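The sequence lines fix the lettering, A, B, ..., with proteins before strands; numbering per chain opens at 1. For clarity, every value in this text was computed on a predicted model and none was experimentally measured. Below, all heavy atoms of this structure are taken into account, side chains as well, without hydrogens, waters or symmetry copies.
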Amino acid sequence: MNAEHEFLASAYVDGDLTDDERRIAEADPAVMAEVEEFRALRGRLADVTPPTDAARESALAAAMGVFHEQYGQAAAPTPVPTRPANVVSFWRRPIAMQLLGAAAAVVVIGLLGVVVMSGLRSADDDDSADVASDAPAEEPADEPADEAQLTESFDQDVAASDMAPADELADEPAMEAGAADDAGAPADDGDSASADEEMAAEEPADGPSADAAVDPARFFDFENADEPLVITSPDELAAAGAYLADVERTRPELLGSTPESACGPAVAVATVLVDDAPTVVAIVLDAQEGRVVAYDDTCLAVLAAPYAP
Amino acid sequence: MSPIDRSDEQLVEAARRGDAAAMDTLLRRHYDRVHAVCRRIAGTTRDADDAAQEAMIRIVRNLDRFDGRSSFGTWAYRIATNTSLDELRKRKRRPQLHVVGDDRDDAPPEPTDERSHLEIDGVADRLSIDEALAELPDEFRAAVVMRDVGDLDYAEIAVELGVPVGTVKSRIARGRKLLVTHLGNRDDPPERPTSSPPPPPSTP
């Protein structure tokens, strides 16, 4: 078999021959034997060990991380859990907002008083204007059922009027959230506009859910005495990246020496949930790309996310 | 229409508009072939995993540059080839850290029944192909893999390797012949890692 036969057989397999050349090839048994060998080789080359699911998912996650960087968070395929509205404490709000809140509270109390009074008038069926005007302070205590009914209907009204602003909170977390909170405060406490009570009413929304977002320091052991938490999502990795970038910039001594890693200049070691299994990873910050990447011990990027350097 | 029912071209258009589901579908559709190309060029599953991941990232990064002159698959396999060649170059520059057990393929399953004999033959076949490919010069290997695994045509391979089409044809022909010769030498019964009777020759 010479080089010309090889060339002819190879071109025959690829369908790259003219009609004349093909006839010549088919007339030569040696060339056709070579053709059969090359065809069999093709089959064997295509018989590749299939990739593992873990490798596939890891590669796709890394690529989609880049996609989200390029096209923004709006393009995220998986819905990001909506964080609760960022409720700002009454005393931490700007003065103007405090005044607005107080004014709104006064108006609500006034309206409530008017409603209670008119309700008492009709309930008592009393013709005396003097009694009616003197009564409001004491009457609610004497008529708890009526007040409860009125408060309940008021709460229902406020709750109904709050529906739209509450829906808007997820999309407009900043000023809109504050404004909605102002309008919604009476609904929480009924007839109270006291700042302390308002703050108390805010606690459930602010406290545990803020903790649920997880302080990124808790993923590492620099400033955290407890067992470091496992990073479970790109959002958490992004938060971890931003935290590490901040520590690297402001308190580099906390990071100590760079962990051994062949995958790049790792900033820290953490644990990431991969296929439901905690996996120790090296965290590498790519400041140029604005990307934080978690590499496993084989230098496979198991999770990536954008972060603000 | 769900993303899975859409053509590559439709998915590319949607992905360019920021449709993450379309991008995900497109990448999933081509990942296995991309991985196969990487596997054949890079040589080990571990390197193929890395190269395939990098290829996926490059596909996303360069999606806006895909001009539609070739099919998306062809374009993606070209990227996979380039990425694998880069991986090979990187591997040559760095010291070999994984001398033993570098590949999952190194551990064939225990021969417990007839079916496992077949599995072992499959693994052995892949191993001998890997070994034969490893002995090919890079430029021959890339040309053969791009043609026989990536299904790229001569002109596309020529562009990718930066050589004339005639050179591509001769590299493919020469590479195939060398592979057949290597495999012929390796298919001798004593070299197979099993005590089962040797299979009939896979080439006529």
About how many Å separate [atom2] of [Y] and [atom1] of [X], when rounded to the nearest 0.5 Å?
X	Y	atom1	atom2	value
Asp47(A)	Arg40(B)	CG	CZ	7.0 Å
Leu41(A)	His182(B)	CG	NE2	11.5 Å
Leu63(B)	Phe67(A)	CG	CZ	8.0 Å
Arg42(A)	Arg176(B)	CZ	CZ	5.5 Å

So, for [X] and [Y], which heavy atoms are closest and what is the spacing to 0.1 Å?
X	Y	value
Val60(B)	Ala63(A)	CG2-O, 3.7 Å
Ile129(B)	Arg44(A)	CD1-CB, 3.4 Å
Arg61(B)	Gln70(A)	CA-OE1, 3.1 Å

Are any of the side-chain nitrogens in Arg28(B) or Glu57(A) under 4.0 Å away from the carboxylate oxygens of its partner?
yes
Between Glu34(A) and Lys177(B) (salt bridge meaning N to carboxylate O under 4.0 Å), is one present in this structure?
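So Glu34(A) pairs with Lys177(B) through a salt bridge.
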Side chains of [X] and [Y], heavy atoms from C-beta outward: is any pair under 4.5 Å?
X	Y	answer
Ser10(A)	Lys169(B)	no
Met56(B)	Val66(A)	no
Leu27(B)	Met64(A)	yes

Any donor and acceptor pair, going by atom type alone, linking the side chain of Arg56(A) with main-chain N or O of Tyr31(B) inside 3.5 Å?
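No: the side chain of Arg56(A) does not pair with the backbone of Tyr31(B).
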Go through Ala46(A), Ala62(A), Ala304(A) and name the one with the most non-hydrogen pairs under 4.5 angstrom from chain B.
Ala62(A)
Given a strict heavy-atom distance threshold of 4.5 Å, which part of Ile59(B) is in contact with chain A: side chain, backbone, both, or neither?
neither
Interface moiety of Arg33(B) toward chain A, non-hydrogen atoms closer than 4.5 Å:
neither
Is Asp14(A) in contact with chain B via its backbone, its side chain, both, or neither, using a 4.5 Å heavy-atom distance?
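The answer is both parts of Asp14(A).
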Select all residues of residues 145-157 of chain B having any heavy atom within less than 4.5 Å of some heavy atom of chain A, and report them by number, or 'none'.
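Within residues 145-157 of chain B, the residues that come under 4.5 Å of chain A (heavy atoms only) are Arg147(B), Asp148(B), Val149(B), Asp151(B), Tyr154(B).
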